Protein chains: 2
Amino acid sequence: MPRAPGQIDLAKTEAILDAAAEVFGERGLAASMEEIARRARVSKQTIYNHYGSKPELIRAIVDRRVAEITAPLLMPEAVDHPQEALAALGRSMLTAILTARGTSMLRMTVESAAEQPDLARAFFEAGPATSRRRLAEFLAMETENGRMAVDDPVLAAEFFASMVIGGHQIAQLLGVERQFTPAEIDRVAGEAAARFMKAYSA
Amino acid sequence: MPRAPGQIDLAKTEAILDAAAEVFGERGLAASMEEIARRARVSKQTIYNHYGSKPELIRAIVDRRVAEITAPLLMPEAVDHPQEALAALGRSMLTAILTARGTSMLRMTVESAAEQPDLARAFFEAGPATSRRRLAEFLAMETENGRMAVDDPVLAAEFFASMVIGGHQIAQLLGVERQFTPAEIDRVAGEAAARFMKAYSA
DNA sequence: TCTTGATTGGACTAATGCGTCCATTTTTCG
DNA sequence: CGAAAAATGGACGCATTAGTCCAATCAAGA
């Protein structure tokens, strides 16, 4: 008997998504489907078999990223030293943002925002909004514990996240940013955590 | 006698720039020259007479914005209450960023960054980099005065600017952001200044 | 091996858009 | 008013690209 219908090659599906994310990141959404096909070592027709159109391909890329992003966003349980927890969170945020993958995904979403507003919203919810929400909960908890004195956890969470991320995200979008060493990431996240703790000490 | 050569209509020059900035902000850089001409109530040929090509038009828009942005970026002289100076600076930064004009200009620059890296760099230098540099100088001065204790003014300036701006710039780029009232701007800038002062108190 | 569906690649259509050309009209200034 | 330059608008050439079509090829499973 023949191959059952609907048996499209899953490995190719991923290869297409990877290549598309890469090319869109480099050239912007103006990148051509032909180039994506070349990069994925796949025929253009195959892309259209898997995803029906360019907008749907873009959607698929962002959706996959949203799933990736949302997963590991668990705030640590209250630990003995909230400052350490904050520094760790800061490191992971900064590391994620400085990734080429993270930047190209953001650039894509920004560019498609005018045409597909729901995509941009989903991305924002999955990334920035969720992480800040979790952080706010953490700060509220630490305040109940008496280890911090955060009167407005939502605003404070915004402050901390922003201190860590800083202008780096914008700098990445503009293509203006030297490479960061892990030591520099440590230093920024550590300083941010320390100053934040001082600003919100009980 | 005839009109002297090179006597292009300066009012039209501005109208073109305004319209182009508007349309690019709405549609992205994919916006057509025809639509810009329509919006500026000018013929397409006239645009090409004033600016030679689409990239040059984009450059002209960003250059104008760079000039606008750089001008008013003067940090107040040391005042009696540095917290008030910081709050004022924060208000002006946030206000500028939440402008439709500011956002569309940033979006344009981000989109053109791949093709015209020097443009993106000029924009970054004129805006974020310069304002942070001025702020860092201010913080160093206040530290010399003994009113604050800022050991790393550059990093601290980054922290303060980021606290104020927060995720709002990204949210604007993604088209995900409700309108801000002046009262909210006041509150965010005021809180940021207060917490920052506490974090860097002498 | 044989059947069937997926994949390939290359040609093709339709649309869009940059930039040009040009005859006509409008503006400026002596 | 009159000459020269600029602005208009509409048509046009040319390039790019999304998406389709199709005949030939490949791959998997009974």
Side-chain angles (χ1 to χ4, degrees), chain A residues 1-62 107-108 111-112 114-116 119, chain B residues 1-62 107-108 111-112 114-116 119:
Chain A
M1 276 286 184
R3 181 194 247 180
Q7 285 291 342
I8 56 176
D9 191 331
L10 284 199
K12 285 199 198 310
T13 296
E14 286 293 308
I16 292 170
L17 249 48
D18 288 340
E22 206 177 289
V23 175
F24 281 140
E26 291 168 14
R27 299 256 201 280
L29 291 187
S32 76
M33 297 295 268
E34 306 237 20
E35 180 166 359
I36 293 170
R38 256 197 312 278
R39 191 81 61 105
R41 300 177 173 285
V42 150
S43 78
K44 193 167 58 153
Q45 183 63 56
T46 298
I47 299 185
Y48 282 96
N49 287 348
H50 288 234
Y51 314 92
S53 66
K54 194 173 184 176
E56 286 174 276
L57 174 60
I58 294 170
R59 180 170 300 269
I61 297 171
V62 176
R107 177 177 296 128
M108 267 189 54
E111 264 185 75
S112 70
E115 273 185 23
Q116 308 194 49
L119 249 195
Chain B
M1 275 287 182
R3 182 194 245 179
Q7 286 290 341
I8 56 177
D9 192 329
L10 283 199
K12 284 201 196 310
T13 295
E14 286 293 307
I16 292 171
L17 248 47
D18 288 340
E22 207 178 289
V23 176
F24 282 140
E26 290 168 16
R27 300 257 199 281
L29 291 187
S32 76
M33 297 296 270
E34 307 237 14
E35 180 165 358
I36 293 169
R38 256 198 310 277
R39 191 82 62 104
R41 301 175 174 285
V42 149
S43 77
K44 192 167 60 153
Q45 184 63 53
T46 298
I47 299 185
Y48 282 96
N49 288 347
H50 289 234
Y51 313 94
S53 66
K54 194 174 184 178
E56 286 175 276
L57 175 59
I58 294 169
R59 180 170 300 269
I61 298 171
V62 176
R107 179 178 293 127
M108 266 189 55
E111 264 186 76
S112 70
E115 272 186 23
Q116 307 193 48
L119 249 194

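Predicted model, so just to flag it, every value in this text is computed and none were measured. So that the names make sense, note that chain A is the first sequence line, chain B the second, and so on, each numbered from 1.
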Exercise. When rounded to the nearest 0.5 angstrom, what is the spacing between CG in A:Leu119 and CD1 in A:Ile58?
Worked result: 8.0 Å
For this session: May I have the distance from B:Glu35 (atom CD) to C:dC18 (atom P), rounded to whole angstrom?
Result: 11 Å
Problem set entry | Short side-chain N/O contact to D:dA6 OP1/OP2 from B:His50, under 4.0 Å | no
Can you check nucleotides 13-15 of chain C for protein contacts, nitrogen or oxygen pairs under 3.5 Å, and list what you find?
none

For this session: Drop me the distance from B:Arg38's CZ to B:Met33's CE, to the nearest 0.5 angstrom.
Result: 13.0 Å
Problem set entry | Distance in Å, A:Lys54 NZ paired with A:Ile36 CD1, rounded so as to fall on 0.5 Å steps | 6.5 Å
Problem set entry | Between A:Ser53 and A:Glu56: side-chain donor-acceptor atoms closer than 3.5 Å | yes
Exercise. Taking it one step at a time, do B:Glu26 and B:Arg39 satisfy salt bridge (charged side-chain N to carboxylate O under 4.0 Å, His left out)?
Worked result: CA-CA 12 Å; B:Glu26 290 168 16; B:Arg39 191 82 62 104; 3.1 Å; yes
Exercise. Base, backbone or nothing for each nucleotide of nucleotides 16-24 of chain D, written B, S, -, heavy atoms under 4.0 angstrom, 5' to 3'?
Worked result: -SSBBBB--
Seminar exercise, completed: To the nearest angstrom, the CZ-P distance between A:Arg41 and C:dG9 comes to 11 Å
For this session: Flag the pair B:Arg107 and B:Glu111 as a salt bridge only when some basic side-chain nitrogen lies within less than 4.0 angstrom of an acidic carboxylate oxygen.
Result: no
Exercise. What is the distance from CD1 of B:Ile47 to C1' of D:dG9, rounded to the nearest Å?
Worked result: 13 Å
For this session: Mind checking the CG-CG spacing from A:Leu29 to A:Leu57? Nearest 0.5 Å is all I need.
Result: 10.0 Å
Problem set entry | Atom pair OG1/CZ of B:Thr46 and B:Arg41 - distance to nearest 0.5 Å | 14.5 Å
Problem set entry | Helix axis bend for the helix from C:dT1-D:dA30 to C:dG30-D:dC1 - C1'-based end axes, five pairs, 10° rounding | 30°
Exercise. Can you name the nearest heavy-atom pair linking B:Ala15 to B:Ala40, along with the distance?
Worked result: O-CB, 3.9 Å
For this session: Work out which heavy atom in A:Ala37 is nearest to a heavy atom in A:Ser43; give both atom names and the distance.
Result: CB-C, 4.1 Å
Exercise. Can you tell me if the side-chain N/O atoms of B:Thr46 get under 4.0 Å from OP1 or OP2 in D:dT8?
Worked result: yes
Problem set entry | N/O (side chain, B:Ser43) to phosphate O (OP1/OP2, D:dG9) under 4.0 Å | no
For this session: Assign A:Arg38 to base, sugar-phosphate, or nothing according to its heavy-atom contacts below 4.0 angstrom with the strands shown.
Result: nothing
